[in-house]
Chemist: 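Starting off with a structure, shown below.
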Amino acid sequence: MNRELISVLAECAAACNYCAVSCLKEDDVKMMERCIRLDLDCAAICKMAMDYVARDSTMKREVLDLCAKACRACGEECAKHKHDHCQMCAEACRRCEQACQQA
């Protein structure tokens, strides 16, 4: 079991969930809609990837490729916003994207 990869996936999922909830508290929630949607998608895919990695699934490569794609999209969107939670999420997504690609 790749504990380091699972840890990075868990951190990214948590950062994305935190970002989504924090975006809902911003003054212009409508402007944050894409960010919130990508946060939720990325968190869900990271959690799914943790399961596939933990059980060393024969499908983990495909799932990790999808996870890297989700992390890239979420990280790029979050990086556009100046909020601390978005910047923190963007960084977690970059780390997770790299970890998924290197796994």
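Here the structure is a predicted model, which is why all the values come from computation and not from measurement. Heavy-atom basis, side chains included; hydrogens, waters and symmetry copies ignored.
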Chemist: Mind checking what makes side chain to side chain contact (heavy atoms under 4.5 Å, CB included) contact with Glu91, not counting sequence neighbours?
Modeler: Arg94, Arg95
Chemist: Is there any salt bridge (Lys or Arg N to Asp or Glu O under 4.0 Å) pair reaching into residues 36-51, and which pairs are they, with sequence neighbours excluded?
Modeler: Glu33-Arg37
Chemist: Within the structure provided, determine whether Glu97 and Glu76 are in side-chain contact (heavy-atom separation under 4.5 Å).
Modeler: no
Chemist: side-chain contact (heavy atoms from CB on, under 4.5 Å) between Arg72 and Gln101: does it pass, once the steps are laid out?
Modeler: CA-CA 11 Å; Arg72 181 173 37 259; Gln101 289 170 339; 3.6 Å; yes
Chemist: As an exercise, state the distance from CD of Glu77 to SG of Cys23, rounded to the nearest 0.5 Å.
Modeler: 9.0 Å
Chemist: Nearest 0.5 Å, what's the SG-CZ distance between Cys74 and Arg34?
Modeler: 9.5 Å
Chemist: For Leu40 and Ala20, which heavy atoms make the closest approach, and how far apart are they?
Modeler: CD2-CB, 3.9 Å
Chemist: Between Ile45 and Tyr52, is there a shared hydrophobic cluster once you connect ILVMFWY residues whose side-chain heavy atoms come closer than 4.5 Å?
Modeler: yes
Chemist: Find out whether Cys71 and Cys46 are in side-chain contact, i.e. whether some heavy atom of one side chain is under 4.5 Å from a heavy atom of the other.
Modeler: yes
Chemist: Say you draw a straight line from CG of Asn17 to NE2 of His85; how long is it, rounded to the nearest 0.5 Å?
Modeler: 13.5 Å
Chemist: Apply salt bridge (Lys or Arg N to Asp or Glu O under 4.0 Å) to the pair Asp65 and Arg61, showing each step before the final yes or no.
Modeler: CA-CA 6 Å; Asp65 289 345; Arg61 178 73 266 148; 3.0 Å; yes
Chemist: To the nearest 0.5 Å, tell me how far Lys60 NZ sits from Cys67 SG.
Modeler: 13.5 Å
Chemist: Supply the atom-to-atom distance Ile36 CD1 to Cys78 SG, rounded to the nearest 0.5 angstrom.
Modeler: 10.0 Å
Chemist: Between Ala43 and Ala13, which heavy-atom pair has the shortest distance, and what is it?
Modeler: CB-O, 3.7 Å
Chemist: For a quick test of reading the model, state the closest non-hydrogen atom pair linking Ala103 to Leu64 and the distance between them.
Modeler: CB-CD1, 3.7 Å
Chemist: Give a yes or no answer on whether the side chain of Gln87 reaches the backbone of His81 with a donor-acceptor pair at less than 3.5 Å.
Modeler: yes
Chemist: Once rounded to the nearest 0.5 Å, what's the spacing between atom SG of Cys35 and atom CD of Glu26?
Modeler: 9.5 Å
Chemist: Does Asp28, at its CG atom, have more than 12 non-hydrogen atoms belonging to other residues, nucleotides or ligands within less than 6.0 Å?
Modeler: yes
Chemist: Do Val21 and Tyr18 share a hydrophobic cluster (ILVMFWY, side-chain heavy atoms under 4.5 Å, transitive)?
Modeler: no
Chemist: Suppose we screen for side chain to side chain donor-acceptor pair (under 3.5 Å). Which residues come up paired with Gln98, at least two apart in sequence or across chains?
Modeler: none
